[in-house]
Amino acid sequence: MKERREYALTQSQMGIYLDCQDRGDNSYCLPYLYEFDSHLDPVRLCRAAETVIKAHPTLFTRIKTNDAGIPVQYIEEEPLTLTPEPLDGRDYRGLVKPFTLLGGRLFHVNILQDNEHTYLFWECHHIIYDGSSLQVLLRHIAAAYNGEPVPQEPLTLTEVAEQEQALRATEAYGEGKRWYAANFDCDDISSSLMPDKERYKNSNDIGVIERRLNIDLQALETYCH
């Protein structure tokens, strides 16, 4: 059996992981529901989504803690067969399923239909995925649906993490940190997630975070030029 490789989290992932310890695994869920008219073939859409998922191993990224209690990530691909499901008047919000951050699969996808529409429901955890990722996946699903080739993902998230870890160990990275500290008077800060719009829709509470930087604007403009 091939030994499974484990990788450190990227710094962005680590920030999300740590925030989830306080907020719960579902704080960074990104669910989307797309509605199409009945002319779209739901079975063909299923096959297109399967093709795209297979071409993007990063979607099968899983997270665990190692023996030292440090979070690491690995890819565990698995077969995935999609079948059109009847919507049956279900509340759309009921499609959102909880994620298990440690050890669980970090995306969900469903193809649904009723008498008038076909729907694509896509949900992913932000620790492996962002808005730019979504645009890539949607373009690839459209291509696969139209019978066009789908490119294989050139670089997985685990490989990106490995590259980042190597770069953080270089002198150039240390030099960059020192330059940044010497030229920009700003410490690390933490900002909270926006509140749930539904839960707090009648609330007038707002929050403002302001950070003033002690930077000479003329010197900054000169540097940029």
Side-chain angles (χ1 to χ4, degrees), residues 13 16 20 23-63 73 75-101 103-158 160 193-203:
Q13 285 180 293
I16 294 172
C20 285
R23 303 178 186 279
D25 294 345
N26 291 325
S27 299
Y28 286 89
C29 291
L30 301 177
Y32 295 87
L33 181 68
Y34 297 93
E35 179 184 277
F36 307 95
D37 64 34
S38 58
H39 292 92
L40 188 133
D41 183 342
V43 174
R44 189 171 159 189
L45 181 60
C46 285
R47 301 294 83 79
E50 290 170 2
T51 298
V52 172
I53 290 168
K54 187 176 180 180
H56 291 272
T58 285
L59 291 170
F60 291 99
T61 300
R62 294 178 187 257
I63 296 172
Q73 60 185 323
I75 290 179
E76 189 173 277
E77 295 184 71
E78 59 183 274
L80 181 66
T81 302
L82 299 175
T83 304
E85 308 169 43
L87 189 58
D88 288 339
R90 280 188 282 175
D91 187 334
Y92 293 157
R93 288 172 294 185
L95 295 172
V96 179
K97 306 180 186 72
F99 287 112
T100 301
L101 184 58
R105 198 177 77 188
L106 298 175
F107 76 96
H108 301 135
V109 59
N110 299 88
I111 310 297
L112 307 112
Q113 61 182 141
D114 57 23
N115 292 332
E116 298 180 352
H117 301 96
T118 295
Y119 305 86
L120 168 64
F121 173 74
W122 189 281
E123 179 185 23
C124 215
H125 199 289
H126 190 36
I127 203 165
I128 65 166
Y129 167 99
D130 60 14
S132 297
S133 309
L134 174 64
Q135 297 308 310
V136 171
L137 291 169
L138 291 177
R139 287 200 306 270
H140 287 180
I141 289 174
Y145 184 88
N146 292 321
E148 300 169 9
V150 174
Q152 185 72 18
E153 184 175 64
L155 198 65
T156 65
L157 182 55
T158 53
V160 170
L193 289 173
M194 295 292 290
D196 186 295
K197 290 183 179 180
E198 288 297 318
R199 184 177 178 184
Y200 298 102
K201 60 185 176 182
N202 297 321
S203 172

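Position 1 is the first residue of the sequence; numbering continues from there. As the structure is a computational prediction, the values presented were derived from the model and not from experiment.
- Of all heavy-atom pairs spanning T100 and L106, the tightest one is O-CD2, 4.0 Å.
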**OP:** Evaluate the side chain to side chain contact (heavy atoms under 4.5 Å, CB included) criterion for residues V43 and I111: first the C-alpha distance (whole Å), next the side-chain angles of each, then the deciding distance (0.1 Å), finally the verdict.
**Re:** CA-CA 9 Å; V43 174; I111 310 297; over 6 Å; no
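- Between H125 and I16, the closest side-chain pair of non-hydrogen atoms falls below 4.5 Å.
- Note: L40 CG to T118 OG1 = 5.5 Å, rounded to the nearest 0.5 Å.
- A distance of 6.0 Å separates CG in N146 from CZ in R44, rounded to the nearest 0.5 Å.
- For H126, the side chain to side chain donor-acceptor pair (under 3.5 Å) test picks out no residue, with sequence neighbours left out.
- In this structure a side-chain-to-backbone donor-acceptor pair under 3.5 Å is missing from N110 to L112.
- Contact between H108 and P98 at its shortest, heavy atoms only, is CE1-O, 3.7 Å.
- Here E148 pairs with nothing under the side chain to side chain donor-acceptor pair (under 3.5 Å) rule; sequence neighbours left out.
- Closest approach of E78 and F60 over heavy atoms only: CG-CE2, 3.4 Å.
- With sequence neighbours excluded, the residues forming a side chain to side chain donor-acceptor pair (under 3.5 Å) with E50 are R47, listed by chain and number.
- Residues meeting the salt bridge (Lys or Arg N to Asp or Glu O under 4.0 Å) test with E76, sequence neighbours left out: R4, R62.
- Residues satisfying the side-chain contact (heavy atoms from CB on, under 4.5 Å) test with A142, not counting sequence neighbours, are none.
- Nearest approach of L30 to D130, heavy atoms of both residues: CD1-CA, 4.4 Å.
- Side-chain contact between F36 and L120 is present, with at least one heavy-atom pair separated by less than 4.5 Å.
- Separating the OH atom in Y32 from the CG atom in L138 is a distance of 9.5 Å, to the nearest 0.5 Å.
- The aromatic rings of W122 and Y129 lie parallel to each other, their planes meeting at an angle below 30°, with 60° marking the opposite boundary.
- D114 is linked by a side chain to side chain donor-acceptor pair (under 3.5 Å) to Y119, counting only residues two or more places apart in sequence or in another chain.
- Remark: L80 pairs with I53, L82, R105, F107, V109 by the side-chain contact (heavy atoms from CB on, under 4.5 Å) rule, at least two apart or across chains.
- Evaluation of the side-chain contact (heavy atoms from CB on, under 4.5 Å) rule for E153 yields H56, P57, T58, T156 as partners, not counting sequence neighbours.
- Considering OH of Y28 and SG of C20, their distance stands at 6.5 Å, rounded to 0.5 Å.
- With a 4.5 Å cut-off on side-chain heavy atoms, T83 and C46 do not count as touching.
- Atom CD of residue Q13 and atom CG of residue L157 lie 4.5 Å apart, to the nearest 0.5 angstrom.
- Between S38 and Q113, the closest side-chain pair of non-hydrogen atoms is not below 4.5 Å.
- Of all non-hydrogen atoms in P149 and A143, the two that sit nearest each other are O-CB, 4.4 Å.
- Here CD1 of I141 is found 9.0 Å from OH of Y34. Values are rounded to the nearest 0.5 Å.
- Applying the side-chain contact (heavy atoms from CB on, under 4.5 Å) test to V96 and every residue at least two apart in sequence or in another chain returns P31, F121, E123.
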